[in-house]
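Before any comments, here is the structure.
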Amino acid sequence: MFAGSMGAYAINQRVFYVFSAPIILPVLFYSFILGGTINTAMSLMGVVFIMMMVGVVRRMNMTIIDAYTLSIENKILAEKTRNLNEKLKFSNANLKSLSYKDTLTNISNRRFLTEMPTPEIERFGYSLQRSIGDHQRNTNNKDANLVYGVFIIDIDLFKQVNDTWGHKCGDLMIIQFVNVIQSLIRKEDVLCRWGGEEFVVILKRTDPDYIHLFAKKLMNSIRATPFILSDSVTINKTCSVGYTTFPFFDNLPSALSLDQTIELADQALYHAKEHGRNKAVSAEYNIAQGEIINLDDSIAMMKDITQALANKKILHTERC
Ligand SMILES: Nc1nc2c(ncn2[C@@H]2O[C@H](COP(=O)(O)OP(=O)(O)OP(=O)(O)O)[C@@H](O)[C@H]2O)c(=O)[nH]1
């Protein structure tokens with residue numbers, strides 16, 4: 001019984017003593033009172049036995065408490081590690097989103113555009129490609145008649161703003177310029193700062209006719225906006241725009257990447273700048289050439305856009 005209570009109550013020494021003492025001590029005491037050599041020896045051995053058991057119970061108690069404390073500490077540590085991991089994940093996500101932001105305008109930066117939307121655009125191109133393969137274009141696929149509008153917009157003669165009114169005024173102009181563009185696009189569209197005073201807009205899943213209308217709206221809005229640089233300085237500015245569509249080839253939706261279509265829009269922008277600025281110029285595939293483009297041709301063509309332009313495979317058309 002003594003041994004049983006020792007095992008069962010080692011976890012709590014006081015309970016062990018309360019259970020064991022009222023039974024063991026009277027027996028030893030009674031045996032001692034009875035007298036005689038054997039009884040006295042048994043009583044003394046009982047006392048020694050009790051002392052040994054107390055020592056063992058103490059040790060067991062300490063071991064149990066140590067193990068218990070350790071398991072609690074482990075649980076706390078695991079909880080802390082979990083919390084830290086959550087915080088780390090959150091900070092990493094924050095850091096990542098910051099690395100995709102332009103600090104002056106708070107819109108996305110070039111890095112965002114080159115890294116983020118590609119899978120989405122590729123899915124779109126693939127979906128169109130499949131619908132062509134399935135002969136479903138214009139029928140079942142809801143994307144079939146839509147395109148992505150790809151625009152590069154550059155403020156005309158922006159250097160003059162900096163040179164005349166200072167860099168801070170230039171910054172203010174850039175912020176207001178971004179606000180104008182932002183007021184013309186939807187939430188799901190992409191606006192990113194491509195370079196100093198150059199911006200890229202991607203209009204997602206848009207009617208092809210709207211692309212030209214958007215270029216017009218954009219040009220007119222910029223022309224009509226008074227840019228407030230200080231209490232005493234308000235200026236008007238124009239911009240130049242180069243744009244095209246993704247997919248570029250109607251019959252080969254995934255032939256060109258987003259980067260390649262941006263490159264085409266950039267060529268159109270260059271054309272606009274070269275021909276007097278304050279223009280929106282589109283880069284379009286020259287259907288009049290009438291040739292069916294195969295994938296190899298289009299890749300070769302994109303390797304040398306200048307050549308493609310010279311061969312009149314790509315047309316630059318001034319729209320507004
Ligand atoms: N204030 C300000 N200026 C910037 C920033 N980034 C670039 N710039 C300036 O923008 C100017 C761009 O000048 P250019 O590339 O010569 O172009 P531009 O004067 O706009 O002339 P065009 O593009 O040919 O019409 C440079 O002077 C840059 O220093 C910026 O964040 N803030």
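Counting starts at 1 for both ligands and their atoms, in listed order.
Among all non-hydrogen protein atoms, the one lying nearest atom 24 (O) of ligand 1 is Arg277 NH2, 3.1 Å. Counting only heavy atoms of the protein, atom 22 (P) of ligand 1 lies nearest to Lys273 NZ, 3.4 Å. Residue, atom and distance of the protein heavy atom nearest to atom 6 (N) of ligand 1 are Gly196 CA, 3.2 Å. From the protein, the heavy atom lying nearest to atom 29 (O) of ligand 1 is Asn162 ND2, 4.1 Å. Among all protein heavy atoms, the one lying closest to atom 32 (N) of ligand 1 is Asp171 OD1, 2.6 Å.
Ligand 1 has an N or O atom lying under 3.5 Å from an N or O atom of Ile155, backbone or side chain. Considering backbone and side-chain atoms together, Lys159 places an N or O closer than 3.5 Å to an N or O of ligand 1.
With salt bridges taken as basic N to acidic carboxylate O contacts below 4.0 Å, none links Lys237 and Glu197.
Side-chain contact between Phe199 and Ile174 is present, with heavy atoms from C-beta onward closer than 4.5 Å. Asp102 places none of its side-chain heavy atoms less than 4.5 Å from the side chain of Val178.
Open room surrounds OH on Tyr270; 12 or fewer heavy atoms of other groups in view lie less than 6.0 Å from it. The environment of Ile38 atom CD1 is sparse: at most 12 non-hydrogen atoms of other residues, nucleotides or ligands sit within 6.0 angstrom.
Comparing Phe158, Tyr270, Trp165 by heavy-atom distance to atom 10 (O) of ligand 1, the nearest is Phe158. Closest to atom 30 (C) of ligand 1 by heavy atom, among Lys237, Arg193, Glu197, is Arg193.
Taking every heavy atom of Leu157 and a limit of under 4.0 angstrom, the matching atoms of ligand 1 come to 18 (P), 19 (O), 20 (O), 21 (O), 22 (P), 25 (O). Within ligand 1, the atoms closer than 4.0 Å to a non-hydrogen atom of Gly170 are 1 (N), numbered from 1 in the order shown.
With a heavy-atom cut-off of 4.0 Å, Met173 does not touch ligand 1 at all.
Side-chain contact, Arg58 with Asn61: no donor N or O sits under 3.5 Å from an acceptor N or O. Side-chain contact annotation: Asp154 with Ser240, donor-acceptor N/O pair under 3.5 Å absent. Side-chain contact, Arg277 with Thr238: no donor N or O sits under 3.5 Å from an acceptor N or O.
Within the 4.0 Å cut-off (strictly below), no protein heavy atom is located near atom 14 (P) of ligand 1.
When atom types are taken as modelled, the side chain of Asn74 and the backbone of Leu77 share no donor-acceptor pair closer than 3.5 angstrom.
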